[in-house]
Amino acid sequence: MKHLPPEDWPDELTIGPVEHIPIIDEDDPRFEAERSAWSSARASAQALHSVEDLLDGVADDDWRVRFESIDRLVARWRKDSRTPLAVMRVAEHDPVWQVRARAMSRLHEFDPHLIRRVLLRGLSDSNEEVRSSARYGLDQLPGDS
């Protein structure tokens, strides 16, 4: 949105200490392309069912498909030995912080001995959301984190 002149930016509101919350109407044409991209990514991820399909989904060229595929992979194929390895790889190496954060937030669902180091490394990620997801994951682990 910063590429638009200020008068074309969405209106904002403040709730307590949280400032600059954009107010976006459903029919706002400025967000049509983004909504369309997310809709397409969700449809693509929803079509993935097998573990192989979902592993391909978390490696897709479209970051939104990767983002949407993480939850589906973990929910459907948590017990497959390839799943935690794929989620750990995405959590540490995906170029898009939103995807890394989503992966970090699901790591606690796997063997703590396997994923603890990845969560600890996530505490030093360049993005605050990823670091927050790593802290959340560590808080979910049994024992001393």
Side-chain angles (χ1 to χ4, degrees), residues 1-4 6 8-10 12-24 26 28-145:
M1 294 305 311
K2 298 297 181 192
H3 64 282
L4 298 173
D8 287 338
W9 294 356
E12 295 179 338
L13 71 117
T14 297
I15 301 174
V18 181
E19 299 178 343
H20 309 294
I21 302 169
I23 301 170
I24 301 171
E26 281 186 36
D28 190 328
R30 295 173 293 183
F31 298 95
E32 190 171 318
E34 184 176 350
R35 282 192 301 270
S36 177
W38 275 108
S39 180
S40 176
R42 284 186 193 103
S44 294
Q46 286 172 353
L48 306 175
H49 296 286
S50 72
V51 67
E52 288 80 12
D53 289 345
L54 285 161
L55 288 168
D56 287 343
V58 298
D60 196 270
D61 290 338
D62 183 342
W63 74 267
R64 291 173 181 90
V65 173
R66 295 194 308 272
F67 181 93
E68 293 290 332
S69 296
I70 291 167
D71 286 341
R72 289 168 174 80
L73 176 64
V74 174
R76 295 177 185 159
W77 299 102
R78 179 180 296 119
K79 303 246 187 248
D80 188 288
S81 62
R82 296 170 288 180
T83 297
L85 300 176
V87 177
M88 288 188 302
R89 183 176 56 251
V90 170
E92 286 196 286
H93 302 293
D94 198 277
V96 178
W97 71 262
Q98 292 94 327
V99 179
R100 291 194 314 275
R102 175 59 62 99
M104 282 286 176
S105 72
R106 297 302 300 259
L107 283 177
H108 72 275
E109 299 179 52
F110 301 107
D111 178 3
H113 296 95
L114 184 62
I115 53 88
R116 187 179 307 273
R117 288 186 184 146
V118 174
L119 288 169
L120 288 169
R121 285 191 294 269
L123 295 175
S124 60
D125 191 274
S126 61
N127 182 273
E128 173 54 34
E129 292 293 326
V130 177
R131 293 190 303 268
S132 177
S133 294
R135 283 190 299 273
Y136 170 80
L138 287 166
D139 287 345
Q140 303 308 305
L141 298 182
D144 295 327
S145 296

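Model, not experiment: these values are computed from the prediction.
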**Q** Does any N or O in the side chain of W77 come within less than 3.5 Å of the main-chain N or O of R72, such that one atom is a donor and the other an acceptor?
**A** no

**Q** Could you tell me which residues satisfy side chain to side chain contact (heavy atoms under 4.5 Å, CB included) with E128, sequence neighbours excluded, listed by chain and number?
**A** R131, S132, R135

**Q** To the closest 0.5 Å, what do you measure between CZ (R66) and CG (L73)?
**A**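 Here the interatomic distance stands at 14.0 Å.
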
**Q** For a quick test of reading the model, state the closest non-hydrogen atom pair linking W97 to V130 and the distance between them.
**A** O-CG2, 3.4 Å

**Q** Do any pairs count as a side chain to side chain donor-acceptor pair (under 3.5 Å) and have a residue in residues 53-65, sequence neighbours left out, and if so which ones?
**A**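 Of all non-adjacent pairs touching residues 53-65, those that pass side chain to side chain donor-acceptor pair (under 3.5 Å) are S50-D53.
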
**Q** Please lay out, stage by stage, how I115 and V87 fare under the test side-chain contact (heavy atoms from CB on, under 4.5 Å).
**A** CA-CA 10 Å; I115 53 88; V87 177; over 6 Å; no

**Q** So how far is it from R42 CZ to S44 OG, rounded to the nearest 0.5 Å?
**A** 11.5 Å

**Q** Tell me the closest heavy-atom pair linking V74 and F110, and the distance in Å.
**A** CG2-CZ, 3.9 Å

**Q** Distance check, rounded to the nearest 0.5 Å: L107 atom CG versus L114 atom CG?
**A** 9.0 Å

**Q** When rounded to the nearest 0.5 angstrom, what distance separates CZ in R89 from CZ in R100?
**A**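 Going from the CZ atom of R89 to the CZ atom of R100 covers 15.0 Å.
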
**Q** Go through the structure and list residues passing side chain to side chain contact (heavy atoms under 4.5 Å, CB included) with R121, not counting sequence neighbours.
**A** E92, R117, V118

**Q** So does E19 have more than 12 non-hydrogen atoms from other groups sitting under 6.0 Å from CD?
**A**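 More than 12 heavy atoms, drawn from other residues, nucleotides or ligands, come within 6.0 Å of this atom.
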
**Q** Looking only at heavy atoms, which two atoms of S105 and S133 are closest? And how far apart?
**A**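 Closest approach of S105 to S133, heavy atoms only: N-CB, 3.9 Å.
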
**Q** Would you please name every residue forming a side chain to side chain contact (heavy atoms under 4.5 Å, CB included) with R82, sequence neighbours left out?
**A** V51, E52, L55, D80

**Q** Set out, in order, the CA-CA distance, both residues' side-chain angles and the distance that settles side-chain contact (heavy atoms from CB on, under 4.5 Å) for F31 and W38, then state yes or no.
**A** CA-CA 11 Å; F31 298 95; W38 275 108; over 6 Å; no

**Q** Let's go through I70 and R106 carefully: what are the C-alpha distance in whole Å and the side-chain angles of both, what is the deciding distance for side-chain contact (heavy atoms from CB on, under 4.5 Å) to 0.1 Å, and is it a yes or a no?
**A** CA-CA 8 Å; I70 291 167; R106 297 302 300 259; 4.1 Å; yes

**Q** Among all residues two or more places apart in sequence or in another chain, which pass the side-chain hydrogen bond (donor to acceptor under 3.5 Å, both in side chains) test with R78?
**A**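 In terms of side-chain hydrogen bond (donor to acceptor under 3.5 Å, both in side chains), with neighbours along the sequence ignored, R78 is linked to E109.
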
**Q** Could you tell me which non-hydrogen atom of N127 sits nearest to which non-hydrogen atom of D125, and how far apart they are?
**A** N-OD1, 2.8 Å

**Q** Should L138 and H108 count as side-chain neighbours, where that means a heavy-atom distance under 4.5 Å?
**A** no

**Q** Output all residues satisfying side chain to side chain contact (heavy atoms under 4.5 Å, CB included) with S69, sequence neighbours left out; order by chain, then residue number.
**A** A45, L48, L54, V58, V65

**Q** Evaluate the criterion side-chain contact (heavy atoms from CB on, under 4.5 Å) for residue pair E129 and Q98; output intermediate values, then yes/no.
**A** CA-CA 8 Å; E129 292 293 326; Q98 292 94 327; over 6 Å; no

